[in-house]
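To start, the structure itself, in structure tokens.
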Amino acid sequence: MAWAGNVTLLLSDSAGPYAEFSSTFSEALNSRRWSIHLVPKADAYTPGAPTADLIVTAGSEALRQALQRAPPGTPILATLLPRQTFERLLNEAPRAKRQLTALVLDQPPARLSAFIRHLLPGQSRIGVLSSSETRHLLPTLRQSSAGLQFENEDADNDAALLTALNNLLPRVGVLLALPDASIYRRESIKSILITTYRQQRPVIAYSSAFVTAGALAAVYSTPAQIARQATQLIEQTGTLPAIVYPSQFAIAINANVAQALGLNVADEASLRQRLLGEGGQ
């Protein structure tokens, strides 16, 4: 990372989570050392004045445009996207040597496992639907399981989704939803939630919106939390790894779903304290 200079902040969109990220990022970054050039729409990005010492992207479309258009020597810090999306865009991008780091939305596997154990202490068999985009994440998840057993079924297309889900649910007590855009799409989430509810299996999700839609709970990081961590990374010295997990997190619980499933779960504040006690942030 550069020590100081011009930052181009490239947003996939100007509203919603991107606006929250942009506002917090601008407030948190040291304005005496860094000058921010905001590009509120990714497709409007063109390299030029001011010359960027660092590009920070928010969302997948912003990263796609930066990989295609940014000068090869300009470092990129990608944020507000899942790990599998970052890796896919990287594989699709023109080959160019550049310093590239992704602060992903995925929670660290150890935090996910701890969250499940504290939320549902009586459950040890956890189900995961996977695709070609997330299958490679399963070994790391299992290594961080701390007593949990993860079962998975592949669902690489819409036709296989409900069959895979119905094969998986009888073998597990909980469905863990990973941020996989090929599985958990707006068109499919409703049918997944209906199927899991009929079989009395709670869903642990990756966003507050998913919890509002009918999942039992989620541990996730907000755009503001990601923005604050991004500014901390910029101020660090040394080379960053390709993937950085969120250090801060929030918890959402759907009390109505817990009641409907006959589950007595701890409240959000208690769960957060328990995770912090295990070394989370």
Side-chain angles (χ1 to χ4, degrees), residues 1-14 16-40 42 50-60 62-63 66-67 70 73-87 89-90 98-112 114-115 140 144 179 206-208 218-252 272-273 275-281:
M1 290 295 174
W3 275 92
N6 295 319
V7 175
T8 292
L9 177 56
L10 181 58
L11 308 180
S12 291
D13 200 288
S14 58
Y18 306 107
E20 180 183 348
F21 178 94
S22 176
S23 174
T24 304
F25 183 89
S26 299
E27 291 174 2
L29 193 65
N30 188 336
S31 60
R32 292 189 300 272
R33 297 177 57 201
W34 297 92
S35 175
I36 300 173
H37 173 59
L38 175 63
V39 182
T51 302
D53 299 295
L54 170 67
I55 298 172
V56 177
T57 65
S60 57
L63 177 59
L67 289 172
T74 308
I76 296 175
L77 173 58
T79 71
L80 288 192
L81 76 175
R83 176 173 179 168
Q84 50 96 1
T85 302
F86 167 71
E87 292 173 340
L89 291 175
L90 197 57
R98 67 168 77 247
Q99 189 176 345
L100 183 61
T101 294
L103 172 52
V104 297
L105 289 170
D106 311 52
Q107 296 299 303
R111 184 182 295 158
L112 278 177
F115 181 61
T140 303
S144 305
Y206 50 82
S207 71
S208 58
V219 55
Y220 64 100
S221 298
T222 67
Q225 289 172 332
I226 295 290
R228 284 190 288 270
Q229 186 176 354
T231 64
Q232 293 166 3
L233 292 175
I234 291 170
E235 298 291 348
Q236 286 181 11
T237 60
T239 302
L240 295 175
I243 301 292
V244 177
Y245 287 111
S247 59
Q248 301 175 35
F249 63 91
I251 291 171
R272 179 173 174 79
Q273 287 303 313
L275 291 185
L276 289 171
E278 294 199 8
Q281 297 186 49

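Throughout, residue positions are numbered sequentially from 1 according to the sequence presented.
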| query | Sub-3.5 Å donor-acceptor pair from the side chain of T101 to the main-chain atoms of P241, do we have one? | reply | yes

| request: Please list, chain by chain and in numerical order, all residues satisfying ring pair (Phe, Tyr, Trp, His ring centres under 6.0 Å) with F115, sequence neighbours excluded. | output: none

| task | Mind checking side chain to side chain donor-acceptor pair (under 3.5 Å) for T24 and listing every partner two or more places apart, or none if nothing turns up? | result | none

| note | Those residues at least two apart in sequence (or on a different chain) that pass side-chain contact (heavy atoms from CB on, under 4.5 Å) with Q273 are L276

| task | Apply ring pair (Phe, Tyr, Trp, His ring centres under 6.0 Å) to Y18 and list each qualifying residue two or more places apart in sequence or on a separate chain. | result | none

| said: Looking at every heavy atom in both A62 and A42, which two are closest together, and how far apart are they? | reply: CA-CB, 3.7 Å

| task | Under the side-chain contact (heavy atoms from CB on, under 4.5 Å) rule, collect the residues that match up with T74, sequence neighbours excluded. | result | A52, I55, P71

| query | Sequence neighbours excluded, which residues qualify as side chain to side chain donor-acceptor pair (under 3.5 Å) partners of E20? | reply | none

| task | Taking S144 for its side chain and P109 for its backbone only, find out whether a donor-acceptor pair lies under 3.5 Å. | result | no

| message | Could you check whether S221 and Q248, counting side-chain N and O atoms only, form a donor-acceptor pair closer than 3.5 Å? | response | no

| query | Side chains of D106 and Q84: does their closest heavy-atom pair fall under 4.5 Å? | reply | no

| What residues form a side-chain contact (heavy atoms from CB on, under 4.5 Å) with A102, not counting sequence neighbours? | A78, F86, V104, I243

| Just by distance, do the side chain of Q229 and the backbone of Y245 share a donor-acceptor pair under 3.5 Å? | yes

| message | Treating Q225 as the side-chain partner and F249 as the backbone partner, does any N or O pair qualify as donor plus acceptor under 3.5 Å? | response | yes

| request: Apply side-chain contact (heavy atoms from CB on, under 4.5 Å) to L100 and L77, showing your working. | output: CA-CA 6 Å; L100 183 61; L77 173 58; over 6 Å; no

| task | Of all the heavy-atom pairs spanning Y220 and Y206, show the shortest one and how long it is. | result | CB-O, 3.4 Å

| request: Please round to the nearest 0.5 Å and tell me the distance separating atom CH2 of W34 and atom OG of S26. | output: 14.0 Å

| request: Kindly write out the residues that satisfy salt bridge (charged side-chain N to carboxylate O under 4.0 Å, His left out) with E87, not counting sequence neighbours, or none if the list is empty. | output: R83

| Close side-chain approach of I234 and L29, heavy atoms under 4.5 Å | yes

| said: By the salt bridge (charged side-chain N to carboxylate O under 4.0 Å, His left out) test, which pairs, at least two apart or in different chains, include something from residues 223-232? | reply: none

| task | Please assess L275 against I251 for the test side-chain contact (heavy atoms from CB on, under 4.5 Å), listing each intermediate value before the final yes or no. | result | CA-CA 10 Å; L275 291 185; I251 291 171; 4.0 Å; yes

| request: Identify which one of V56, I36, L9 satisfies the side chain to side chain contact (heavy atoms under 4.5 Å, CB included) criterion when paired with S22. | output: L9

| Is there a side-chain contact (heavy atoms from CB on, under 4.5 Å) between T57 and I76 once you walk through the steps? | CA-CA 7 Å; T57 65; I76 296 175; 4.2 Å; yes

| query | Is the closest side-chain heavy-atom distance between L54 and T8 below 4.5 Å? | reply | no

| field | Closest contact, heavy atoms only, T222 versus A250 | value | CG2-CB, 4.3 Å

| With T85 via side-chain contact (heavy atoms from CB on, under 4.5 Å) - residues at least two apart | S60, L81, P82, R88, L89

| Do side-chain atoms of R111 reach the backbone of P246 as a donor and acceptor pair under 3.5 angstrom? | yes

